[in-house]
Student: 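Questions regarding the structure given below will be posed in turn.
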Amino acid sequence: MIKTLKGKISTVYIWLVLMIAIVGFTSVFSFHALSRAIDGLMVNNYKSISAINNMIEAIDGQNTAILNYLNNNDETGIDLFDKNSDRFYKWYNIEANNITELGEKDHISKINKDYDKYIMLFSNLQEIKNKQGTDKALDFYNNHIITLYNDLKNELKDLSSINERAMFGSKDKVTNDTILIMYVVLGLSLVAVIGGYFIATFFINKFLKPIYTLTESIKSVKEGELQKEISVATSDEIGLLAHEFNNMTKRLQQFEHSNKGKLLEEKNKSIAIVKSISDPLIVLDTDYKVVLLNNACEDVFRIKEEDALNKHFLEGIRNRELYEYISDVYKEDNEKISDKIMNLKVDEKDYYFNIVSTSIKDRDFKVYGIVVLLQNVTKLKQLEKIKTDFMGTISHELKTPLTSIMMGLSLITDKKIGDLNEKQETIVEAMREDGERLSSLISELLQLSKIQSDKAVFNIKQCSIIGIIENCIKRFNKQAISKEANLYFEADEKLPKVTIDPEKISWTLNNLVSNALKYINAGDEVFIKAVVKGNKMYVSVEDTGVGIPSEYQKIIFDKFVQVKGEDLEMRSSGIGLAIAKEIVEAHGGEIWCDSKLDVGSKFTFTIPI
Ligand code: ADP
């Protein structure tokens, strides 16, 4: 039993070579035998015919010798007769030893007998001539010898005919043999070709079958079917390969089991961590179906994870405001980690959450989910409220005494209670200026706390933004001229009316223009612009002034933020922009700043139409 694939292939190859060799040898042998048959048959017959011809010529010569003898040339006649007798016997012996055909032997023995008789008749003729004379001898020749001579000749001709016929017969036989050999060789070649084809196909299929099985199994393993075993029963190289392959898949299975276990453990740990996060957390897929919820989320939204899983956000969590925010963030810019403060009422209690929505991406940056974290900022909001209330109270409490101080000061500066000397006048003027600044700070603080505590009254009307801009220009024109600055505006006359509190929006615009004029140099420009894009109106105040460092641009809208290193003279409260932000957001808009140091700043706010 051959075990190796190499051995099996070699065996098939040897078999094929053997078959070709058999066909080759058979052909060579057959053609050799054929050529020998042709040679043998032709040569023997030809030899007989030649010998017979010589024998005929010899008896012809003897007949001539007899006629010479009868013409009284005794010696010449006898001599010629003997010579031809020798010649006859020489060729007779050759023919007698070359009997190849049926009946040839009978003819030769008859010729032998007749020829002996012929020799004897010539002896008789000699005796008659010597005793009875030439005439009697001539009669003897005519009556006996000539008849025998003719019989002998006919015998020899018959013998020659036998050989001639045999010669032609041999030719036909050779032709038939050649055709037979041709068919034999053709048959063998056909057998070799068909046999070779079937042997090759059979063995190729037999050898390749385990390779196909192996390939199929490798494909399955590649697709993750690690339990797949290859059943290759051969013990050749492919069998060994299959055995090693099965070993490999077993090892992979063990590896996968141990890794799966670890992964499962890690996954459970991660889930436990996520679940125990004190802030609500929701994981969604890209169709907004709930994938995971933590315990805090269950408490806040009063739902159970198992009820919400695999359900659409609106069905599972049932909070449209949050859904709209998440879907906006996801649709607009799914790279953005966004945040928004949202108010939720649970059991009549107010909760505030800073919502952070992040897209989850795979290695190819393809989004496959969204994580929404609701950072609980209720406490911070409460603290802020306390601060705002406190600020409001303090401001309120300060406002009454400050009003009476300012009234006293104006009585003094108006010289209604007596004259002041120059020194006293300077001091009182300084006190009045500081008092006014303090008074405006207190008013701003009061305004801010009112807006923040929802106590502010918004007087909402439909009005034209162009009117507000024109009033603003009128108000700050003088200041711009004194600063040698160019203050101008651009707005489409067909701008739609907006629903706003005109006083508060005027206040916002004025604050932005006043800031711009504060932070420009002579020859700079302040440009107000109002445009409509989509369903929003964009109002911007752009200046070519000193600009704001980038680290301040985000925090500039917080309270009391002022750019460091600013001229002390320029300093004021730092709450103008905070109030502007509150007003704009109360209108459902947004405010932001784009600025570059030494190039200028652009403040833009939007108003929904
Ligand atoms: P204030 O009421 O004191 O002007 P704001 O809140 O309006 O305070 O502004 C805060 C700070 O922002 C200012 O102190 C100033 O440093 C900076 N700022 C505001 N507007 C501009 C501007 N157009 N160019 C440069 N800096 C500005």
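One-based numbering, in listed order, for ligands and for the atoms of each. By convention here, the first residue in the shown sequence is residue 1.
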Student: Check for a donor-acceptor pair, side chain of N294 on one end and backbone N or O of L281 on the other, with a separation under 3.5 Å.
Tutor: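 Indeed, once roles are kept as given, a pair shorter than 3.5 Å links the two residues.
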Student: Only heavy atoms of V561, strictly under 4.0 Å: list the atoms of ligand 1 that pass.
Tutor: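 Taking each heavy atom of V561 in turn, ligand 1 has 10 (C), 11 (C) under 4.0 Å.
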Student: Nearest non-hydrogen contact with atom 12 (O) of ligand 1 belongs to which option: I556, I575, I579?
Tutor: I556
Student: May I ask you to list the atoms of ligand 1 that are less than 4.0 angstrom from any heavy atom of N511?
Tutor: 7 (O)
Student: Heavy atoms only: which of L597, N515, L441, V513 lies closest to atom 4 (O) of ligand 1?
Tutor: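 Comparing heavy atoms across L597, N515, L441, V513, the nearest one to atom 4 (O) of ligand 1 lies in N515.
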Student: Under 4.0 Å between a side-chain nitrogen and a carboxylate oxygen: does that hold for R320 and E324?
Tutor: yes
Student: Taking heavy atoms and a distance under 4.0 Å, where does K518 meet ligand 1: side chain, backbone, both or neither?
Tutor: side chain
Student: For S601, counting its heavy atoms only, list the atoms of ligand 1 lying under 4.0 Å from any of them.
Tutor: 24 (N)
Student: Relative to ligand 1, is V541 under 4.0 angstrom through side chain, backbone, both or neither, heavy atoms considered?
Tutor: neither
Student: Under a 4.0 Å N-O cut-off, is there an ion pair linking K415 with E425?
Tutor: yes
Student: Using a strict 4.0 Å cut-off to heavy atoms of A516, name the atoms of ligand 1 that fall inside it.
Tutor: 23 (N)
Student: Return yes if a side-chain donor-acceptor contact under 3.5 Å exists between T604 and S540, otherwise no.
Tutor: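 The answer is no; no qualifying pair exists.
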Student: Heavy atoms only, cut-off 4.0 Å: how does F603 contact ligand 1, side chain, backbone, both, or neither?
Tutor: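 Side chain only.
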Student: Tell me, please: is G574 in heavy-atom contact with ligand 1, that is, under 4.0 Å?
Tutor: yes
Student: Need the ligand 1 atom indices (1-based, order shown) with element for anything under 4.0 Å from a heavy-atom of Q562.
Tutor: 3 (O), 14 (O)
Student: For the backbone of A485 and the side chain of D524, can you confirm whether one donor and one acceptor N or O come within less than 3.5 Å of each other?
Tutor: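 Side chain of D524 to backbone of A485, a donor-acceptor pair under 3.5 Å: no, none is there.
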Student: Within the distance-only criterion (no hydrogens, no angle test), does the side chain of D492 pair as donor or acceptor with the backbone N or O of K494 below 3.5 angstrom?
Tutor: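 Confirmed, D492 side chain pairs with K494 backbone.
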Student: With a 3.5 Å distance limit and no angle check, can you tell me whether T606 reaches the backbone of M537 through a side-chain donor-acceptor pair?
Tutor: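 No; judged by distance alone, with no hydrogens or angles, the pair does not exist.
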Student: Which part of L577 is near ligand 1, with near meaning a heavy atom under 4.0 Å away: side chain, backbone, both or neither?
Tutor: both
